[in-house]
Amino acid sequence: MPEGKKYTDSGIEIKEVYTSAEVNFTRDKHSIQETGTPKLEIGNLNPGSYPFTRGIQADMYRGRLWTMRQYAGFSTAEESNKRYHYLLSQGVMGLSVAFDLPTQIGYDSDHPLSEGEVGKTGVAIDSIEDMELLFAGIDLEKVSTSMTINATGFILLALYVALAKKQGADLNKITGTIQNDILKEYAARGTYIYPPKPSMRIITDIFEWCAQYLPKWNTISISGYHIREAGSTAVQEIAFTLSNGKAYVQAALQKGMDINVFGKRLSFFFNAHNNLFEEVAKFRAARRMWANMMKQLGATDEKAMMLRFHTQTGGSTLTAQQPLNNIARVTIQTLAAVLGGTQSLHTNGYDEALSLPTEEAARVALRTQQVVAFESGAPDTADPLGGSYFIESLTDEVEKNALQLIEKIDAMGGSVSAIEQGFIQNEIARSAYEYQQKIETGEKVIVGVNKFAVVEKNTVPGFKIDDSIRQIQVNKLASLRNRRDTTKAANCLTAITAAANTGSNLMPFVIEAVENYCTLGEIADALRDVWGEYRQ
């Protein structure tokens, strides 16, 4: 890049100084234009007003702080349950469940392909009995639970609903979110099972069932987080994520669903990186873009146009070198999320480049949120950076560049087609390569890695999961299969297969199956028999 010039991580040039003239010019060029109506002055709109650039609530955090979550899950359900109780005792407002790789891709712990992975990246969940242990002593009516699960998301939702019913909970009061975003799995993360079309069908089944029976549940968390972790820029993160969101909305509309109903239960999941001002601009631009998208798709209820999102600080920004520096990085990212108007936040542990977070690291991460919430003053006014010449201009630039990418995707036939053609994957890979090149050449400074490095001995205690966990889960599964009514379980699996073939909504059949002690792997396999596995 030319010497002396500065750019954001998305390649947007940063001027030496911003003035009111620059902001006014940018607004005139990129402000929102609706057919038959005059231009809307972006800077004059208040928080809580369409298109929600400045936030979805008029008073933002003065009315209610963001939900402080800590993403946790490891080993067995019993061990994860202990961590949840600890986090709740430390002030966490909602739980966020991490699942191990076999659970994510539809294998029971005793499957040969599960060997070496059980309980490693998250908690192992094979059956309703594991789910009972995971939430032992936790009232599901009183806690909001986010579950980061996609290909098998419908099974975990069924397990959660079955457990809530066992607790005697009112399903009308159950709150939480299921990630359930399969398109980003094809594009960036890779934990898919079925081909795109049946996967989209599962998602619309969830939309439809929850609208009737689980009205406060967020039926999808459309995720830019993993797109960013795979190497995208901030601009690509929101472009690809909102394009995926558009595909889900169109699929639901084709099924005859009311956008003003299911639109209110859509949520998003974004990453927060270190370029503070670009991240704030990204969040503001995303809200404005989504509001306009939903309006164009037919939404008339403003609540269905609101982009509500959870944020997690950037895992890929954490360094194994000088890991305590990560506390500073996570603090900057926390501020970006809060100044950008997030509804929910998870902060990473400083040791996560080395292992799963220790209890101490998880506590420090939570305390980071609490210091920002109660000591920094950042939540005291809505959109505190709104009106900044720099932020307003950068918000418009991020939006302009993201819309150009979305136009390319639309020209290909939408996200599903763009993924099938490899466009989104290739764009992410190119950005990841270019970013790494900048680190290698020193153009991009990573403190403690390519500058200010020291010879050090790692003193951070690691948190490792023993391979013996698999045998514990294998024993549980053997016991469950010996005790359950085999005929009922088999009939439930047959009913799932039939529903997949006839087009009936899958959720009632999956809920009945988990209530009759069918395992996650058995349910996933029943649908593998119908749809097969997707290979890119």
Side-chain angles (χ1 to χ4, degrees), residues 69 71 73 77 94-100 103-106 122-132 134-135 138 140-141 143-167 169-182 185 191-194 198-223 248 251-252 257 262 264-267 269 310 492 495-496 499-500 504-524 526-527:
R69 298 186 187 275
Y71 185 47
L95 298 176
S96 187
V97 183
F99 298 96
D100 72 357
T103 303
Q104 291 182 49
I105 56 178
V123 63
I125 299 294
D126 294 315
S127 73
I128 184 67
E129 292 185 348
D130 284 330
M131 208 68 167
E132 289 179 85
L134 186 66
F135 291 100
I138 298 172
L140 299 191
E141 270 194 22
V143 67
S144 169
T145 302
S146 173
M147 295 191 284
T148 303
I149 196 79
N150 297 283
T152 54
F154 66 106
I155 305 174
L156 270 298
L157 178 59
L159 287 165
Y160 197 83
V161 169
L163 177 59
K165 289 165 68 176
K166 271 197 165 190
Q167 287 188 356
D170 181 352
L171 294 186
N172 290 306
K173 296 179 181 177
I174 297 296
T175 62
T177 303
I178 193 164
Q179 191 162 101
N180 195 32
D181 175 6
I182 203 64
E185 296 295 331
T191 60
Y192 48 79
I193 302 174
Y194 314 111
S199 294
M200 293 291 281
R201 175 261 178 94
I202 292 172
I203 288 169
T204 55
D205 279 1
I206 292 170
F207 287 180
E208 188 175 59
W209 188 86
C210 287
Q212 186 172 356
Y213 299 105
L214 208 66
K216 291 188 176 181
W217 190 264
N218 296 325
T219 52
I220 193 167
S221 178
I222 306 159
S223 176
Y248 293 128
M257 297 179 66
F262 74 81
K264 296 175 186 176
R265 304 284 16 125
L266 305 178
S267 66
F269 175 23
H310 170 71
C492 287
I496 289 172
S504 300
N505 192 299
L506 286 167
M507 285 304 299
F509 299 97
V510 177
I511 292 169
E512 184 177 6
V514 300
E515 288 176 331
N516 283 283
Y517 300 97
C518 292
T519 68
L520 175 136
E522 291 167 345
I523 295 168
L527 295 176

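Taken to the nearest 0.5 Å, the CE atom of M147 stands 12.0 Å off from the OG1 atom of T103. Here CD of E185 is found 10.0 Å from OG of S199. Values are rounded to the nearest 0.5 Å. Going from atom CD1 of I128 over to atom CG of L520 covers 12.0 Å, rounded to the nearest 0.5 Å. Atoms CZ and CZ, on R265 and F207 in that order, are 12.0 Å from each other to the nearest 0.5 Å. Note that OG of S223 and NE2 of H310 are 9.0 Å apart. Values are rounded to the nearest 0.5 Å. Atom CG in N180 sits 8.5 Å away from atom SG in C210 (nearest 0.5 Å).
Nearest heavy-atom pair, K166 versus Y517, reported as atom, atom and distance to 0.1 Å: NZ-OH, 3.5 Å. What you find for D100 and A124 is that their closest heavy atoms are OD2-CB, 3.3 Å. Nearest heavy-atom pair across D130 and A77 is O-CB, 3.2 Å. Scanning both residues, S144 and G176, for their nearest heavy atoms gives OG-CA, 3.8 Å. Nearest heavy-atom pair, T175 versus K216, reported as atom, atom and distance to 0.1 Å: CG2-CB, 3.9 Å. T148 approaches S96 most closely through the heavy-atom pair OG1-OG, 4.4 Å.
No hydrogens or angles considered: nothing links the side chains of Q179 and S221 as a donor-acceptor pair under 3.5 Å. There is a side-chain donor-acceptor pair under 3.5 Å between Y160 and T145. Inspection of the N172 and Y213 side chains reveals no N or O donor paired with an N or O acceptor under 3.5 Å.
With hydrogens and angles ignored, the 3.5 Å screen pairs a side-chain donor or acceptor of E522 with a backbone N or O of T519. Side chain of D205 to backbone of L506: a donor-acceptor contact under 3.5 angstrom is found.
Listed by first and then second residue, the salt bridge (charged side-chain N to carboxylate O under 4.0 Å, His left out) pairs that reach into residues 147-156 come to none, sequence neighbours excluded.
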>> For a side chain to side chain contact (heavy atoms under 4.5 Å, CB included) check, start with the C-alpha distance between T219 and F262, then their side-chain angles and the critical distance, and finish with the verdict.
In response: CA-CA 8 Å; T219 52; F262 74 81; 5.8 Å; no
> Hey, mind stepping through I220 and I178 against side chain to side chain contact (heavy atoms under 4.5 Å, CB included) and telling me if it holds?
Replying inline: CA-CA 5 Å; I220 193 167; I178 193 164; 5.9 Å; no
> For I149 and Q104, what are the C-alpha separation, side-chain angles and deciding distance, and is it a side chain to side chain contact (heavy atoms under 4.5 Å, CB included)?
Replying inline: CA-CA 6 Å; I149 196 79; Q104 291 182 49; 3.8 Å; yes
>> Would I105 and T152 count as a side chain to side chain contact (heavy atoms under 4.5 Å, CB included) here? Give the steps.
In response: CA-CA 7 Å; I105 56 178; T152 54; over 6 Å; no
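At least one side-chain heavy atom of L527 sits under 4.5 Å from a side-chain heavy atom of Y194. Proximity of Y248 to I222: side-chain heavy atoms (C-beta onward) are separated by under 4.5 Å at one or more points. Residues L171 and W217 are not in side-chain contact: their nearest non-hydrogen atoms beyond the backbone lie 4.5 Å or more apart. A heavy-atom distance below 4.5 Å is found between the side chains of M507 and L157. Residues C492 and F509 have side chains not in contact (no heavy-atom distance under 4.5 Å, counting atoms from C-beta outward).
The residues E515 and K165 are annotated as salt-bridged, a charged nitrogen and a carboxylate oxygen being separated by less than 4.0 angstrom.
For A211, the side chain to side chain contact (heavy atoms under 4.5 Å, CB included) partners are V261, not counting sequence neighbours. In terms of the ring pair (Phe, Tyr, Trp, His ring centres under 6.0 Å) criterion, F154 has no residue partners (sequence neighbours excluded).
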